[in-house]
Amino acid sequence: MQKVSELYRGKAKTVYTTEDPSLLVLHFRNDTSAFDGERIEQLDRKGMVNNKFNHFIMSKLEEGGVETQLESLLSDDEAVVKKLDMIPVECVVRNVSAGSITRRLGVEEGLDLNPPTFEFFLKNDALHDPMVNEYHIQSFGWATESQISEMKRLTFKVNDILKPLFDAAGLILVDYKLEFGLSDGKIVLGDEFTPDGCRLWDKETREKLDKDRFRQGLGSVVEAYEEVAKRLGVTLD
Ligand code: ADP
Ligand code: UDP
């Protein structure tokens, strides 16, 4: 599969067209951004680790019955994926309180959320990805009622598959963000599932092993991602 031309350069990935109009190449770059792109740094090996991590997780999700963009790995830091018509909302499930919800609701970090909670955010860096509700999504035509319920169903199904997977690796899946798109009218999981877009804590020590290491200046960011990959059995090199 050959890359033909650059379609879009995001904060962490570059998207290329291919000779096949139904397929794209995602290039996972070493760029790491926080605070809606206000802080960007290059972290050695991150593109490779995230590409392989994403492939591993999406394969597990496929096995569990979630349709994903997954096609094949192209190189260490590139993957071939189905081209989706992306829905411009982020779907977040939280098992434990952390990040924006603690600031928004004035709750402490680390509370078990029972049942896990769900939030939609609009993908818009200039507006700092504001939280939106299901009426906003329908009224502005970003997705229909049935597409919204399918995104919620699939996002919780991902939780059912991944929570035990991480638990068995000694990790708590605190929260995560998913992006979906349409392919032949069906809702398909796109973008990525990596430690850049979820929170993972060590079960015993509660050490943060995700992008909060970068956001909070804790250091050893890629080392933490590699530790998670190792515990899950992701083959890196
Ligand atoms: P951002 O756009 O937030 O800066 P990235 O750097 O990760 O994020 O860029 C990747 C872009 O590619 C995102 O806009 C994402 O919605 C889009 N994308 C991800 N997967 C697919 C796909 N399978 N088909 C089409 N677009 C995709
Ligand atoms: N997240 C993401 N991209 C975003 C916003 C959030 O991948 O643009 C992820 C984030 O890594 C975390 C979850 O979604 O795993 C919930 O993020 P939160 O709302 O707490 O925002 P944050 O404080 O992390 O910006």
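Since we're looking at a predicted model, the values are computed, not measured. Every number for a ligand or one of its atoms is a count from 1 in the order of the listing. Residues take their numbers from the sequence shown, with the count starting at 1.
Using a 4.0 Å heavy-atom cutoff, Arg103 is listed among the residues neighbouring ligand 2. Ligand 2 lies less than 4.0 angstrom from a heavy atom belonging to Asp196. At least one heavy atom of Ala98 sits less than 4.0 Å from an atom of ligand 2.
Considering backbone and side-chain atoms alike, Arg104 places every N or O at 3.5 Å or more from each N or O of ligand 2. Polar contact with ligand 2: absent for Glu119 (N/O pair, distance under 3.5 Å).
Listed by number with element, the atoms of ligand 2 under 4.0 Å from a non-hydrogen atom of Gly99 are 20 (O), 23 (O). Shown in contact with Cys198 at under 4.0 Å from a heavy atom are these atoms of ligand 2, numbered in order with element: 11 (O), 15 (O).
Using a 4.0 Å cut-off between a side-chain N of Lys or Arg and a carboxylate O of Asp or Glu, Lys177 and Glu179 qualify as a salt bridge. A salt bridge links Arg199 with Asp175; the closest basic N to acidic carboxylate O contact falls under 4.0 Å. In summary, Glu226 and Lys46 do not engage in a salt bridge, as defined by a charged side-chain N under 4.0 Å from a carboxylate O. A salt bridge links Arg9 to Asp31: at least one charged side-chain nitrogen sits closer than 4.0 Å to a carboxylate oxygen. With salt bridges taken as basic N to acidic carboxylate O contacts below 4.0 Å, one links Lys208 and Glu109.
Although no hydrogens or angles enter the test, the distance criterion places no donor-acceptor pair under 3.5 Å between the side chain of Arg153 and the main chain of Lys157. Side-chain N or O atoms of Lys203 include one that pairs as donor or acceptor with a backbone N or O of Asp167 at under 3.5 Å. With hydrogens and angles disregarded, no donor-acceptor distance shorter than 3.5 Å links the side chain of Asp129 to the backbone of Phe121. Within the 3.5 Å criterion, the main-chain N or O of His55 finds a donor-acceptor partner in the side chain of Ser59.
Residue-level proximity to ligand 2 for Lys123 is absent, since no heavy atom of it falls below 4.0 angstrom.
Summary of contacts: the protein heavy atom closest to atom 11 (O) of ligand 2 is Arg215 NH2, 2.8 Å. Atom 9 (C) of ligand 2 has Lys177 CB, 3.6 Å as its closest protein atom, hydrogens excluded (heavy atom only). Distance from atom 13 (C) of ligand 2 to its nearest protein heavy atom, with residue and atom name: Asp175 OD1, 3.6 Å. Atom 17 (O) of ligand 2 has as its closest protein heavy atom Arg199 NH1, 3.7 Å. In terms of protein heavy atoms, atom 20 (O) of ligand 2 is closest to Ser100 N, 2.8 Å. Nearest to atom 6 (C) of ligand 2 among the protein's heavy atoms is Glu90 OE1, 4.4 Å. Among protein heavy atoms, atom 8 (O) of ligand 2 sits closest to Asp129 OD2, 3.0 Å.
Between Phe120 and Phe118, the ring planes are perpendicular. Angles over 60° get that label, and only those under 30° would be called parallel. Using the six-membered ring where Trp is involved, Phe53 and Phe166 have ring planes that are parallel, under 30° apart on the 30 and 60° scheme.
Residue pairs satisfying the salt bridge (charged side-chain N to carboxylate O under 4.0 Å, His left out) criterion with at least one member in residues 49-63, sequence neighbours excluded, are listed as follows: Lys52-Asp76.
Around ligand 1, the residues contributing at least one heavy atom under 4.0 Å from the ligand are Tyr8, Gly10, Lys11, Ala12, Lys13, Val15, Leu24, Gln69, Val81, Lys82, Lys83, Leu84, Met86, Lys123, Glu179, Asp191.
Between the side chains of Asn95 and Asp112, not a single donor N or O lies within less than 3.5 Å of an accepting N or O.
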